[in-house]
Amino acid sequence: MRTTELFAPTLREVPAEAEVISHQLLLRAGFIRRDAAGIYTYLPLAIRVLKKISQIIREEMDRQGGQELLMPIIQPAELWQESGRWDVYGPELFRLRDRHDREFALGPTHEEIITALVRGEVNSYKQLPLLLYQIQNKYRDERRPRFGLLRGREFIMKDLYSFDRDNEGLQVSYMKMHEAYTRVFRRCGLRFRPVEADSGAIGGSDTHEFMVLADSGEASVLFCENGECEYAANVEKAAPACATADSGEDQKPLGEVLTPGSHTVEEVAEFLRMPPHKIIKTLLYETEKEVVAALVRGDRDVNEIKLSNALTCLRLKLAGPDTVRDVTGAMVGFAGPVNLKGVKIVADPEVAAMVNAVCGANMDDTHLTNVNPVRDFTTDIVCDIRMVRAGEPCPRCGGALLEAKGIEVGQIFKLGDKYSKVLGAFFRDESGQSRPVIMGCYGIGVTRTMAAAIEQNNDKDGIIWPAAIAPYHAVVVPVSTKDESQMAMAEDVYGRLVGAGIEAMFDDRPERAGVKFKDADLIGYPLRITIGTKAITNNQVEIRVRRTGEVMIIPVDELDKYVMELLGRL
RNA sequence: CGGGAUGUAGCGCAGUUUGGCUAGCGCGCUUGCCUUGGGAGCAAGAGGCCGGGGGUUCAAAUCCCUCCAUCCCGACCA
């Protein structure tokens, strides 16, 4: 391909709309253009990258026995009504009507369609297991599309659905996908981590997210410092190491103390000259069903996802001052579990283990001292409801946990019989009994992966593509287009590369060298082959590695060998 | 969905407070000369329904009303 023919309009300045680096560089380097909020046109360079990512995904899905198919974007409302998600999905579902006023949705995901397909075609255990996947546009009417391709309303996603006879089969499929995902992201040249994640209200099954590590990531992950130990989890899911040991302290008699104006744990700790971990933090939450009190140690934060799982509630929000006053009789900052009536009390195990603690007295400007669980108050639920932080011990091996930011590029999820039951996908087992198909779903955001790769691989000059997903492997740059011998040699070099199966771009524009160098860096070709005066006199060309800036002078005859070798390491 | 901001040439912006515009600037674009190892220089050009609609006024990019779009913060996120 020649640059004079390439449709890749590059920009010198950063469009004002772009906040994150991947969005800025995709626009500046001529990969994408915006059509509406969260909706983009992919220009030729982007398509090449997306095809490469997709191809890697295909190969790895196929390796595990996956079969590709293609399902519609436009899906009938009836299926969504059957599964119940027509209502549950809410405004995030793009909806439309045809000329006969029949309702449809633009698919945000394809569980309904694939399950409907399978229920019609799969009747026997002999037809299982099945791994079916597609790479398709998906639609989610995000409340706030942002960050360019990282959170769009239209995006490309690979989704695979597994169908098994039972949970053992599902576990096999799940592990196949775990393996496939690891291979996909490794082949894409990305630094990533599979992490344990929260499965939400869907059911207590396993789920892992695949995170590309990048400081700009929206999600926080914790992982063990110990390289041998593979523990890694989303902060929402991360489990604490086993509860703290008994301090051996003797229980002292309950006391009451005035703490005027001390609303926060820090204020109380300072006022009473006590460490925050001796204080019980009592937070009142409202769910759709009730008001609950969540107890954690003063130096901890409540993990609302764990709390809502413990309560099996749909909505959870911190109670306002009026509710707090109604329930405790005191203003915010003085709530405590002792003599707290009419609310469910959920305590973290650390709280249950506290001795002679301090907590609010449910009276303005008053706290209780030497509070002891069981003796002084009862709890309805004791379970892990706190955030785990970096520096705490790993729950598996005791090593310290480290924190990193990540971009979720893939998720694997055990669905079980959730969709097969409601949509009626049953099969007959050996004994002739009818059983629901056991499903799993496994997604990879293809467009998001492209953006995440840039978030992780860039510098002040532009993108640095890993070779496996670069739009082209190398760009050939003659320094002076007017110099006929340089141009002739550049043509020759370009021809050799293409002949050797290397994807090369020939920058044949009559621009000054600086302009071509800048564009080469911006677009992020892994290798740049420069043809200058030295090339003519010595029959040597220069290879520059985009990532390191390393420059090599190579005899023309050995060029393709060197390029192949370099690409193998990039 | 709450809060905030912004819409002026392909991109980045000034002009709006205090109405007087025949709407500017930089980059990019076109043509010519010149230049060619990190976004050169000179010269001449092209390019605008100042987001849309409605009003006030002798006069509106500028004031008022109203839509729309985009971005940021928050909430939300199979």
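Lettering of chains follows the sequences in order, A, B, ..., and the numbering in each one begins at 1.
The only option from Arg151(A), Lys405(A), Arg448(A) that meets the salt bridge (Lys or Arg N to Asp or Glu O under 4.0 Å) definition with Glu218(A) turns out to be Arg151(A). Results of the side chain to side chain donor-acceptor pair (under 3.5 Å) test with Lys138(A) over Thr447(A), Asp159(A), Thr109(A) single out Asp159(A) as the only residue that passes.
Relative to the ring axis of Phe223(A), Arg193(A) places its NZ or CZ within 45° and under 6.0 Å from the centre. In this structure, Arg528(A) is positioned above the aromatic face of Phe517(A), its NZ or CZ under 6.0 Å from the six-membered ring centre and within 45° of the axis.
Spacing between rC21(B) and rG48(B) at atom C1', rounded to whole Å, works out to 13 Å. The C1' atoms of rG28(B) and rG39(B) are separated by 11 Å, rounded to the nearest whole Å. Rounded to the nearest Å, the gap between the C1' atom of rG47(B) and that of rU31(B) is 15 Å. Nucleotides rU6(B) and rG15(B) are separated by 16 Å at their C1' atoms, to the nearest Å. Straight-line distance between the P atoms of rC11(B) and rC49(B): roughly 13 Å, to the nearest whole Å. Nucleotides rU8(B) and rU16(B) are separated by 11 Å at their C1' atoms, to the nearest Å. Nucleotides rU17(B) and rC73(B), compared at atom C1', are 27 Å apart to the nearest Å. Here the separation of rA23(B) from rA61(B), taken at their C1' atoms, is 8 Å to the nearest Å.
Across all strands shown, Arg34(A) has heavy atoms under 4.0 Å from sugar-phosphate atoms exclusively, and none from any base. Within 4.0 Å of Glu142(A), counting heavy atoms only, lies no atom of the nucleic acid at all. Residue Val88(A) is classed as having no contact, given no heavy-atom separation below 4.0 Å to the nucleic acid. At the heavy-atom level, Asp521(A) lies under 4.0 Å from base atoms of the strands shown. Residue contacts shown for Glu511(A) include a base, since a base heavy atom lies under 4.0 Å away. Residue contacts for Thr530(A): at a heavy-atom cut-off of 4.0 Å it reaches a base atom on one of the strands shown. Residue-level contact check: Arg544(A) touches the bases, meaning some heavy atom is under 4.0 Å from a base atom. At the heavy-atom level, Arg528(A) lies under 4.0 Å from base atoms of the strands shown. Note on Leu318(A): nothing from the nucleic acid sits closer than 4.0 angstrom, heavy atoms only.
Relative orientation of the Tyr161(A) and Phe163(A) rings is tilted, given thresholds of 30° and 60° on the angle between their planes.
With a cut-off of 3.5 Å on both pairing distances, the Watson-Crick or G-U wobble partner of rU6(B) is rA69(B). When both pairing distances are held under 3.5 Å, rG20(B) makes a Watson-Crick or G-U pair with rC58(B). Searching all strands for a Watson-Crick or G-U wobble partner of rC49(B) with both distances below 3.5 Å returns nothing. Taking a pair to require two hydrogen-bonding distances under 3.5 Å in either a Watson-Crick or a G-U wobble arrangement, rG28(B) remains unpaired. Pairing for rU36(B) is absent, with no Watson-Crick or G-U wobble pair whose two atom distances lie under 3.5 Å.
Atoms NZ (Lys516(A)) and C1' (rG38(B)) sit 12 Å apart, rounded to a whole Å. Protein atom NE2 of His23(A) is 9 Å distant from nucleotide atom P of rC72(B), rounded to whole Å. Whole-Å rounding puts the Tyr40(A) OH to rU70(B) P distance at 10 Å. The CD-C1' distance, from Glu17(A) to rA5(B), rounds to 15 Å in whole Å. Between the P atom of rG28(B) and the CG atom of Leu522(A) lies a distance of 15 Å, rounded to the nearest Å. At whole-Å resolution of the value, OH in Tyr285(A) and C1' in rA75(B) are 14 Å apart. Computed from coordinates, the Phe147(A) CZ to rU70(B) C1' distance equals 15 Å when rounded to whole Å. Rounding to whole angstrom units, CZ of residue Arg33(A) and P of rU70(B) are separated by 17 Å.
When the nearest nucleotides of RNA chain B are assigned to Lys482(A) and Pro15(A) by heavy-atom distance, the more 5′-ward of the two goes with Pro15(A). Both Ala16(A) and Pro510(A) lie close to RNA chain B; mapped to their nearest nucleotides by heavy-atom distance, the more 5′-ward contact belongs to Ala16(A).
Within a 6.0 Å radius of OH in Tyr562(A), other residues, nucleotides and ligands contribute 12 heavy atoms or fewer.
Counting distance only, with no hydrogens placed and no angle test, the side-chain atoms of Arg140(A) and the base atoms of rA78(B) include a donor-acceptor pair under 3.5 Å. The base of rC11(B) lies outside donor-acceptor range of the side chain of Arg28(A), with no N or O pair under 3.5 Å. Side-chain atoms of Glu13(A) and base atoms of rG28(B) include no donor and acceptor less than 3.5 Å apart. If you check distances only, the side chain of Asp519(A) does reach the base of rG39(B) with a donor-acceptor pair under 3.5 Å.
In this model, the phosphate group of rC73(B) is approached by a side-chain N or O of Arg144(A) to a distance below 4.0 Å at OP1 or OP2. Phosphate proximity of rC72(B) to Arg146(A): absent, as no side-chain N or O sits under 4.0 Å from OP1 or OP2. For Arg12(A), no side-chain nitrogen or oxygen approaches OP1 or OP2 of rC27(B) to under 4.0 Å. The shortest distance between the side-chain N/O atoms of Arg512(A) and the OP1/OP2 oxygens of rA40(B) is below 4.0 Å.
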Kindly determine whether Trp465(A) and Tyr525(A) satisfy ring-ring contact (aromatic ring centres under 6.0 Å, His included), including the steps that lead there.
CA-CA 7 Å; Trp465(A) 289 110; Tyr525(A) 305 101; over 10 Å; no
Start with the C-alpha gap between Tyr174(A) and His208(A), add the side-chain angles, then the distance that decides, and say whether side-chain hydrogen bond (donor to acceptor under 3.5 Å, both in side chains) holds.
CA-CA 10 Å; Tyr174(A) 189 82; His208(A) 284 81; 2.7 Å; yes
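Of the candidate nucleotides rU36(B), rU70(B), rA78(B), rU70(B) has the atom lying nearest to any side-chain atom of Ala36(A).
Salt bridge Asp301(A)/Arg389(A): present, at least one basic N to carboxylate O contact under 4.0 Å.
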